[in-house]
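Data first, discussion second: the structure below is written as structure tokens.
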There are 2 protein chains.
Amino acid sequence: MTPATSKEPRNFHHGDLRAQLILAVRALVEAQGADGFSIAEAARAAGVSSGAPYKHFEDRRALLRAVASDGLERLRVAMLAAKDGLRPGSLDAIAAIGLAYIAFAKAQPGLFRLMFGLTDGHEKSAELAEAGQRAFAVVLEATADHVGQSAATSAVQETAYLLWTLVHGHAFLSIDAKRKDQAGRPDDEYYVRRASAAILGSHDRGL
Amino acid sequence: MTPATSKEPRNFHHGDLRAQLILAVRALVEAQGADGFSIAEAARAAGVSSGAPYKHFEDRRALLRAVASDGLERLRVAMLAAKDGLRPGSLDAIAAIGLAYIAFAKAQPGLFRLMFGLTDGHEKSAELAEAGQRAFAVVLEATADHVGQSAATSAVQETAYLLWTLVHGHAFLSIDAKRKDQAGRPDDEYYVRRASAAILGSHDRGL
DNA sequence: TACTTAAGTGAGCGCCACTTACTTTGTCAA
DNA sequence: TTGACAAAGTAAGTGGCGCTCACTTAAGTA
């Protein structure tokens, strides 16, 4: 693949087509939905011929997977930034992480849906799975800090998972027009705090 | 549109192409993912020419929306059936509804993702929004029964929404391979009971 | 029987995913 | 310095799909 002598895969003709394609696809997905983008259009946006993307991605799905992985990494960074400066494991920190998650989904609903909507080729993509794990690790560590137990214990993992699903479910339903402007959906901040307190409380009470 | 004199839109040549197309698309979506189906393939499965579907659906997205609405109705029926025979508002009934929701997602992940993954044309589809409302109503009523308050009160709606998001989040993450076989994800039944108890408990404690 | 209209046909247009053969360009070894 | 090599990009072509349009068929009405 890469010449053994060069340290990194250098980009010859174009600047860095791979990264630029991911960027272009992100914009297209946001503008027209995950199914409304085309490789040809992304190539045009990057100023290359329609065949060029295939030098970097095996096929359409591989490109989408790369965009999703990239998105998960961005989500992880956003969550890390949100808790920065807050006391580790504090309810404030946990709420901030949840709010960052929700804000991410609302700001980039197309990308968010893509990240969690891919049906195909999971098996092939260890990259995607690992990106998901790394993002979850942020929640897991905050939970461990909060309850004062190791992140390796199954009780902590369970509670962290509960927190994740709550926020994930809210984020997903929030960007879904089916329930827009409907009574019963609380304000994000209030929601995250109440839900987190309920889950963490049930943990403290012995699961 | 429909001749004023006929009571129902009769189906002339074909049996009921509209319904058969939805059926075919459901199978295709399950087999190949939401983006992996084509109108042409669905038409072939129904034994008609490639132009025929356009007599029943404006375009590809309209067909997908119809499939999603149909899926939401099926989900609603499944939840109703699950709570049948259980004491209204009991924790058993609420857990049964949640489990039916999760079972639905696991049994038909392609359809489930389609139902909640559509990015486009929400505005145009009152049908889709209403199908979502009707499904939510099942959870809302069970919650109202449980806490002994009217489904019209905002506190009850909030709690019902919390329950919905929890189950929705878990269902979504369950069918997502990113976290398959990973520690920290509890058994469905245990999950639903613990999560429901935590949420309903926080309601009883005065929100 | 003639009229109307929904339902379906089949050909055709443009776009797209993907392939293949070819050219260009940077890198390294001799 | 040069010449071989591999990565990166091009151009043209194939087949399939979304969608349209002019047309035919079938059912109900008067």
Side-chain angles (χ1 to χ4, degrees), chain A residues 1-25 28-29 31-67 114 118-121 124, chain B residues 1-25 28-29 31-67 114 118-121 124:
Chain A
M1 318 288 175
T2 305
T5 41
S6 75
K7 333 203 162 171
E8 298 174 13
R10 299 287 295 271
N11 314 294
F12 301 128
H13 309 59
H14 200 277
D16 182 1
L17 184 54
R18 192 190 143 92
Q20 269 192 251
L21 281 174
I22 291 179
L23 190 72
V25 170
L28 286 173
V29 159
Q32 340 184 4
D35 50 340
F37 104 101
S38 72
I39 283 196
E41 204 170 353
R44 244 174 277 134
V48 295
S49 73
S50 66
Y54 294 92
K55 298 292 176 179
H56 297 270
F57 301 98
E58 193 184 341
D59 57 13
R60 193 178 191 278
R61 295 155 96 193
L63 175 49
L64 284 176
R65 257 181 276 137
V67 172
L114 172 64
L118 293 183
T119 49
D120 50 25
K124 298 178 192 163
Chain B
M1 317 290 172
T2 305
T5 41
S6 74
K7 332 199 165 173
E8 298 173 14
R10 300 285 296 272
N11 313 295
F12 301 128
H13 310 60
H14 200 275
D16 183 3
L17 183 54
R18 191 190 144 92
Q20 268 191 253
L21 282 174
I22 292 180
L23 190 71
V25 170
L28 286 173
V29 160
Q32 341 184 1
D35 51 339
F37 103 100
S38 71
I39 282 195
E41 204 170 353
R44 245 175 276 134
V48 294
S49 73
S50 67
Y54 294 92
K55 297 293 176 178
H56 297 272
F57 302 98
E58 193 184 341
D59 57 12
R60 193 178 190 277
R61 295 154 96 193
L63 175 50
L64 285 176
R65 259 181 275 138
V67 173
L114 172 63
L118 293 184
T119 48
D120 49 25
K124 296 178 191 164

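Convention: sequence-line order gives letters A, B, ...; per-chain numbering from 1.
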- Report the residue from B/V25, B/I22, B/I39 that forms a side-chain contact (heavy atoms from CB on, under 4.5 Å) with B/F57. B/I22
- Spacing between A/R61 atom CZ and C/dC18 atom C1', to the nearest angstrom: 14 Å
- Message: If you only use heavy atoms from C-beta on, which nucleotide in C/dA7, C/dG10, D/dG9 is closest to the side chain of A/S49?
- Response: D/dG9
Below 3.5 Å between N/O atoms, which protein atoms pair up with nucleotides 12-16 of chain C? Just atom names and distances, please.
from: C/dC16; atom 1: OP2; to: A/R44; atom 2: NH2; distance (Å): 3.0

- Examine C/dG8: is either OP1 or OP2 under 4.0 Å from a nitrogen or oxygen in the side chain of B/H56? Give yes or no. yes
- Query: Stem ranges for DNA chain D, with three or more consecutive Watson-Crick or G-U pairs under 3.5 Å?
  - Reply: C:1-30 with D:1-30
- Item | Distance, rounded to the nearest Å, where A/D35 contributes CG and D/dC17 contributes P | 16 Å
- Task: Rounded to the nearest angstrom, tell me the gap between atom CG in A/L17 and atom C1' in C/dT25.
- Result: 15 Å
- Query: Rounded to whole angstrom units, what separation is found between the CZ atom of A/F57 and the P atom of C/dC18?
  - Reply: 13 Å
- Message: So which atom in A/L21 and which in A/A46 form the shortest heavy-atom distance, rounded to 0.1 Å?
- Response: CD2-CB, 4.3 Å
- Task: Please report the closest heavy-atom contact between B/A45 and B/A24, naming both atoms and the distance.
- Result: CB-CB, 4.1 Å
- Is there a side-chain contact between B/R60 and B/F37 (heavy atoms, below 4.5 Å)? yes
- Query: To the nearest 0.5 Å, what is the distance between OG (A/S50) and CD (A/E41)?
  - Reply: 13.0 Å
- Can you measure from CZ (A/R61) to CG (B/D35) and round to the nearest 0.5 angstrom? 7.5 Å
- Query: Whole-Å distance between D/dC23 P and B/Y54 OH?
  - Reply: 21 Å
- Separation of A/Q32 CD from A/S38 OG (nearest 0.5 Å): 8.0 Å
- Message: Run the side chain to side chain contact (heavy atoms under 4.5 Å, CB included) test on A/R18 and A/K55 for me, step by step, so that the C-alpha distance in whole Å, both residues' side-chain angles and the decisive distance to 0.1 Å come before the verdict.
- Response: CA-CA 9 Å; A/R18 192 190 143 92; A/K55 298 292 176 179; over 6 Å; no
- For A/K55 and C/dT25, give me the distance from atom NZ to atom P, rounded to whole Å. 15 Å
- Task: State, with a plain yes or no, whether a side-chain heavy atom of B/V29 is found less than 4.5 Å away from one of B/V67.
- Result: no
